[in-house]
Trainee: 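Structure incoming, see below.
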Number of protein chains: 2
Amino acid sequence: MSSFDLQRYLPYLLNRAAIRITEAFQRELRKDDLSVVMWRVLAVLWHDGAMRLGALAEATSIEVSTLSRLITTMQARMLVSRTRCTDDARAVEVDLTAEGRAIAERIVPMALHYESMALADMSAADGDALRRLLTRLYGNLSDLPPPDASAGT
Amino acid sequence: MSSFDLQRYLPYLLNRAAIRITEAFQRELRKDDLSVVMWRVLAVLWHDGAMRLGALAEATSIEVSTLSRLITTMQARMLVSRTRCTDDARAVEVDLTAEGRAIAERIVPMALHYESMALADMSAADGDALRRLLTRLYGNLSDLPPPDASAGT
DNA sequence: TATTGTTATACTCTATAACTATA
DNA sequence: TATAGTTATAGAGTATAACAATA
């Protein structure tokens, strides 16, 4: 079967691990009636502070249009606020409300607990290596040529 | 902000990388009118041969009910076949058709090309380390306790 | 004219559960 | 009674594009 080995195929390994870690955490988040994407929004805002919708979409890997509607939902639930920017009236700034911040802070310990369970028997050095390699991979992926740049047909 | 660093948070790094590598490859697959999940099915069947629906769901990380309908679609497009098992009449075995196999084999070089671009400047050793760590992580995630096992409330 | 964000449409995937047919 | 798979429903997310407001 030529040289293709699924067990060594990076996108397969990556997706499989990402799906599984998401499923596990999702079950916990559901207790707070939060989705994984909502948690990503809370985590990013908590970590980096208020930011524009576009920047938030980039940081969370959520489509702008999806995020816009998600923020509407989260706003209705008093988790985040939307404020029109003073310097650029086209843009809006999204920030945590006090309630959103409180929930984010309550979830963090659980998130860290899940992470430590996932890393289980790995040494701290292996965990660091994994983080470093994933970060580098992500950087490389940003440099991939656009859709048709290499299409010879 | 306590000890939580998003840039070191494994599920975040993992999801971010998985989403980005998927997006890039998706654009290529679309030329064959294939979705990423269809490609996962083709790749698994091509690599491991015919298998039951349940095993295929496990290997591809796709929900059984979702997969059942997906297989119906792929069957209509002559990519896979469904055969009732002889030894257990409840089960069905899914296999590639000749056409499905041909498409899988045509996509493999592209998939490998994408992988090598993603790994870009990484050494072979780093690539191997990443694969090994992801595999180990996935194994650990399988051992995570079920939803409420550790719920003290 | 380009950018930032919102809204609308149709489609796909997920979660859940009811259902069929076997075992 | 349990298992393998199918089907149905509602909800969430995605892709695409049209749109409004502002730069």
Side-chain angles (χ1 to χ4, degrees), chain A residues 15 18-20 22-41 50-77 80-95 146-147, chain B residues 15-16 18-20 22-31 33-41 50-77 80-95 146-147:
Chain A
N15 272 306
I19 289 175
R20 185 156 290 190
T22 296
E23 283 173 349
F25 192 41
Q26 195 168 39
R27 290 193 292 261
E28 293 297 324
L29 286 173
R30 182 155 307 174
K31 295 172 185 169
D32 280 299
D33 200 25
L34 291 176
S35 64
V36 172
V37 283
M38 286 178 182
W39 155 245
R40 283 221 292 271
V41 168
M51 64 179 74
R52 290 177 171 203
L53 193 78
L56 188 59
E58 169 67 24
T60 56
S61 301
I62 302 171
E63 281 286 315
V64 176
S65 68
T66 303
L67 183 61
S68 178
R69 272 168 298 134
L70 179 66
I71 294 300
T72 302
T73 305
M74 293 178 72
Q75 197 177 12
R77 286 178 52 186
V80 298
S81 64
R82 245 196 193 105
T83 318
R84 180 98 11 220
C85 291
T86 50
D87 55 322
D88 184 342
R90 293 173 304 183
V92 297
E93 190 157 75
V94 183
D95 198 3
Chain B
N15 272 305
R16 216 174 49 143
I19 289 174
R20 185 157 289 190
T22 295
E23 282 172 350
F25 192 42
Q26 195 168 39
R27 290 192 291 261
E28 293 297 324
L29 286 173
R30 182 153 308 174
K31 295 172 186 168
D33 200 25
L34 290 175
S35 65
V36 172
V37 283
M38 287 179 182
W39 155 244
R40 283 222 291 270
V41 168
M51 65 178 73
R52 290 177 170 202
L53 193 77
L56 187 59
E58 169 66 24
T60 55
S61 300
I62 303 172
E63 282 286 315
V64 176
S65 68
T66 303
L67 183 61
S68 178
R69 272 168 297 135
L70 180 66
I71 293 299
T72 301
T73 304
M74 293 178 74
Q75 196 177 11
R77 286 178 53 185
V80 298
S81 64
R82 246 195 193 105
T83 318
R84 184 117 340 241
C85 292
T86 50
D87 55 321
D88 184 341
R90 293 172 304 182
V92 297
E93 190 159 77
V94 184
D95 198 3

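First the proteins, then the strands, lettered A, B, ... as listed; each starts at 1.
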Trainee: Please list, for nucleotides 19-23 of chain C, all pairs of protein and nucleotide N/O atoms separated by less than 3.5 Å.
Mentor:
from   : atom 1 : to    : atom 2 : distance (Å)
C:dA23 : OP1    : B:A89 : N      : 3.0

Trainee: Is there a donor N/O on one and an acceptor N/O on the other, under 3.5 Å, for the side chain of A:S65 and the base of D:dT16?
Mentor: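 Indeed there is one.
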Trainee: Whole Å only: how far is the CD1 atom of A:I19 from the C1' atom of D:dG13?
Mentor: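 To the nearest whole Å, that distance equals 14 Å.
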Trainee: Could you tell me whether the phosphate oxygens of C:dC13, OP1 or OP2, come under 4.0 Å of any side-chain nitrogen or oxygen in B:T66?
Mentor: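 Answer is no, no contact under 4.0 Å.
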Trainee: So among B:L56, B:I62, B:L67, which one has a side chain to side chain contact (heavy atoms under 4.5 Å, CB included) with B:R40?
Mentor: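 Running side chain to side chain contact (heavy atoms under 4.5 Å, CB included) over B:L56, B:I62, B:L67 with B:R40 returns exactly one hit, B:I62.
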Trainee: Roughly how many Å is it from CD1 in B:I71 to P in D:dA4, rounded to a whole number?
Mentor: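 So the two atoms are 17 Å apart, to the nearest Å.
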Trainee: For the side chain to side chain contact (heavy atoms under 4.5 Å, CB included) test, which of A:D88, A:V94, A:V92 pairs with A:R52?
Mentor: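 Looking at A:D88, A:V94, A:V92, the match for A:R52 under the side chain to side chain contact (heavy atoms under 4.5 Å, CB included) is A:D88.
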Trainee: In chain order, what residues pass the side chain to side chain contact (heavy atoms under 4.5 Å, CB included) check against B:T73, with sequence neighbours excluded?
Mentor: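 Residues passing side chain to side chain contact (heavy atoms under 4.5 Å, CB included) with B:T73: B:M38.
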Trainee: Does A:R30 have a side-chain nitrogen or oxygen under 4.0 Å from the phosphate oxygens OP1 or OP2 of C:dT16?
Mentor: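 Yes, within the criterion.
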Trainee: Assess, by modelled atom type and distance only, whether the side chains of A:R82 and A:T72 contain a donor and an acceptor separated by less than 3.5 Å.
Mentor: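 Yes, side-chain donor-acceptor contact under 3.5 Å.
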Trainee: Counting any heavy atom closer than 4.0 Å, what does A:V92 reach on the DNA or RNA strands: base, sugar-phosphate only, or nothing?
Mentor: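 It contacts sugar-phosphate atoms only.
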Trainee: Can you tell me the distance, in whole Å, between the CD1 atom of A:I62 and the C1' atom of D:dA12?
Mentor: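 Rounded to the whole Å, the gap is 12 Å.
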Trainee: Consider the side chain of A:A91, meaning its heavy atoms from C-beta on, and name the nucleotide among C:dT6, D:dT6, C:dT4 that approaches it most closely.
Mentor: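 The closest nucleotide is C:dT4.
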Trainee: Report the C-alpha distance between B:E58 and B:L53 in whole Å, list the side-chain angles of each, state the deciding distance to 0.1 Å, and finish with yes or no for side-chain contact (heavy atoms from CB on, under 4.5 Å).
Mentor: CA-CA 9 Å; B:E58 169 66 24; B:L53 193 77; over 6 Å; no
Trainee: Respond yes when some side-chain nitrogen or oxygen of B:Q26 is under 4.0 Å from OP1 or OP2 of D:dA15, and no when none is.
Mentor: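 So the side-chain polar atoms of B:Q26 do come within 4.0 Å of the phosphate oxygens OP1 or OP2 of D:dA15, strictly under.
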Trainee: For B:S35 and for A:E93, locate the closest nucleotide of DNA chain C by heavy-atom distance; then report the residue assigned to the nucleotide nearer the 5' terminus.
Mentor: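 Nearest nucleotide further toward 5': that of A:E93.
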Trainee: Has A:T22 got a side-chain atom pairing as donor or acceptor with A:A18's backbone, closer than 3.5 angstrom?
Mentor: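 Judged by distance alone, yes, a pair lies under 3.5 Å.
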Trainee: What is the distance, to the nearest angstrom, from the CE atom on A:M38 to the C1' atom on D:dA12?
Mentor: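 For the pair A:M38 CE and D:dA12 C1', the rounded distance is 9 Å.
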Trainee: Does B:R16 come within less than 4.0 Å of B:E23, counting only side-chain N to carboxylate O?
Mentor: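 Here B:R16 does not pair with B:E23 in a salt bridge, since their nearest N and O are not under 4.0 Å apart.
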Trainee: Using whole Å, what does the distance between atom C1' of nucleotide D:dA12 and atom CD of A:E23 come to?
Mentor: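 The distance from CD of A:E23 to C1' of D:dA12 comes to 16 Å, rounded to the nearest Å.
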Trainee: Using OP1 and OP2 only, check whether a side-chain N or O of B:R69 sits under 4.0 Å from D:dA8.
Mentor: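 No, no such contact exists.
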Trainee: Within this structure, what is the CD-to-P distance between A:E63 and C:dT4, rounded to whole angstrom?
Mentor: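 That distance rounds to 15 Å.
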Trainee: What is the distance, to the nearest angstrom, from the CE atom on A:M51 to the P atom on C:dT4?
Mentor: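 To the nearest whole Å, that distance equals 15 Å.
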Trainee: Please report, rounded to the nearest Å, how far the C1' atom of C:dT12 is from the CG atom of B:L34.
Mentor: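 It works out to 15 Å between those atoms.
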Trainee: Reckon B:V37 touches a base, only the sugar-phosphate, or nothing at all at heavy-atom distances under 4.0 Å?
Mentor: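 Result for B:V37 = sugar-phosphate.
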